[in-house]
Amino acid sequence: MLILGKADGITSTRVKVKDRVYWYFDQPDDEGGQQRKYVGFAEDPEISKRVKDFSRTKADYRIRRRLVSSLTRDGGLLAADRTSGLIVETLAAVGLFRLRAAPHRR
């Protein structure tokens with residue numbers, strides 16, 4: 001499961017070991033170094049799709065962060081506190097904010 005709040009420093013890396021190529025995620029650790037996590041074979045289309053999807057999600061996350069920064073800094077809007085943000089994120093994850101067409105009433 002991807003926690004978007006931690007996605008910013010994670011990078012995908014292709015590593016060749018002997019005659020095979022593998023995907024890894026490099027993630028900053030708490031001591032200023034990098035922690036490498038194995039993802040899978042680079043030749044596996046499913047693994048490569050996951051890496052590509054993660055990269056897209058990471059780019060979307062950065063765009064959202066820039067938008068929020070602009071709205072709070074330049075637009076003068078107040079940012080929600082961390083607890084409120086987590087609550088809204090959890091409600092969204094369970095589907096509370098799905099758009100559904102209202103039934104037509106006469």
Side-chain angles (χ1 to χ4, degrees):
M1 181 172 156
L2 170 68
I3 300 172
L4 291 178
K6 297 186 179 186
D8 203 22
I10 300 174
T11 57
S12 55
T13 307
R14 288 173 58 109
V15 178
K16 186 173 184 177
V17 178
K18 297 184 182 178
D19 293 333
R20 307 247 1 218
V21 180
Y22 303 93
W23 279 112
Y24 288 88
F25 283 143
D26 291 335
Q27 178 176 354
D29 62 16
D30 295 333
E31 289 121 29
Q34 290 281 339
Q35 182 180 22
R36 181 164 279 182
K37 294 187 178 186
Y38 173 76
V39 179
F41 296 113
E43 294 90 12
D44 184 341
E46 181 62 31
I47 297 296
S48 293
K49 181 183 179 306
R50 287 182 190 175
V51 171
K52 184 178 178 182
D53 289 347
F54 173 79
S55 296
R56 189 177 307 115
T57 300
K58 183 177 170 183
D60 291 347
Y61 171 72
R62 284 185 176 158
I63 291 168
R64 285 194 315 271
R65 281 186 55 177
R66 268 191 242 121
L67 177 62
V68 169
S69 177
S70 293
L71 290 172
T72 56
R73 185 184 61 244
D74 301 332
L77 297 176
L78 297 175
D81 61 283
R82 181 169 175 77
T83 303
S84 298
L86 291 173
I87 291 169
V88 171
E89 183 179 31
T90 302
L91 292 173
V94 298
L96 182 68
F97 303 116
R98 290 187 186 150
L99 295 176
R100 294 195 178 124
H104 181 70
R105 296 181 186 202
R106 291 184 179 199

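Here, residue 1 is the first one in the sequence, and each next residue gets the next number.
Counting heavy atoms from C-beta on, the side chains of Trp23 and Thr13 never come closer than 4.5 Å. Between Val39 and Arg50, the closest side-chain pair of non-hydrogen atoms is not below 4.5 Å. Contact check for Gln27 versus Arg36: no side-chain heavy atoms found under the 4.5 Å cut-off.
We find the OG1-OH distance between Thr11 and Tyr24 to be 13.5 Å, quoted to the nearest 0.5 Å. In this structure, the separation between CG on Leu67 and CD1 on Ile63 is 9.5 Å, given to the nearest 0.5 Å. Here Asp44 contributes atom CG and Glu46 contributes atom CD; the two are 7.0 Å apart, rounded to the nearest 0.5 Å. Interatomic distance, NZ of Lys52 versus OG of Ser12, reported as 12.5 Å (0.5 Å rounding). Rounding to the nearest 0.5 angstrom, the gap separating the CD atom in Gln35 from the CG atom in Asp26 is 10.0 Å. Here OH of Tyr61 is found 10.5 Å from CZ of Phe54. Values are rounded to the nearest 0.5 Å.
Heavy-atom minimum distance, Thr72 versus Ala79: CG2-CB, 3.8 Å. Nearest heavy-atom pair across Lys18 and Lys16 is O-CE, 3.5 Å.
Within 6.0 Å of CZ on Arg73 lie more than 12 heavy atoms contributed by other residues, nucleotides or ligands.
Annotation: cation-pi pair Arg14/Tyr22 absent, no NZ/CZ under 6.0 Å from the ring centroid and within 45° of its normal.
Not a single donor-acceptor pair under 3.5 Å links the side chain of Ser84 to the backbone N or O of Ala80. Judged purely by atom type and a 3.5 angstrom limit, Ser69 has no side-chain atom pairing as donor or acceptor with the backbone of Arg65.
The hydrophobic cluster containing Ile87 also contains Leu96, counting ILVMFWY residues as joined when their side-chain heavy atoms lie under 4.5 angstrom apart, directly or transitively.
Tyr38 and Phe25 have their aromatic ring centers separated by at least 6.0 angstrom.
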- Message: Before you tell me yes or no, could you show the steps for Asp60 and Arg56 under salt bridge (Lys or Arg N to Asp or Glu O under 4.0 Å), namely the whole-Å CA-CA distance, both residues' side-chain angles and the distance that decides it to 0.1 Å?
- Response: CA-CA 6 Å; Asp60 291 347; Arg56 189 177 307 115; over 6 Å; no
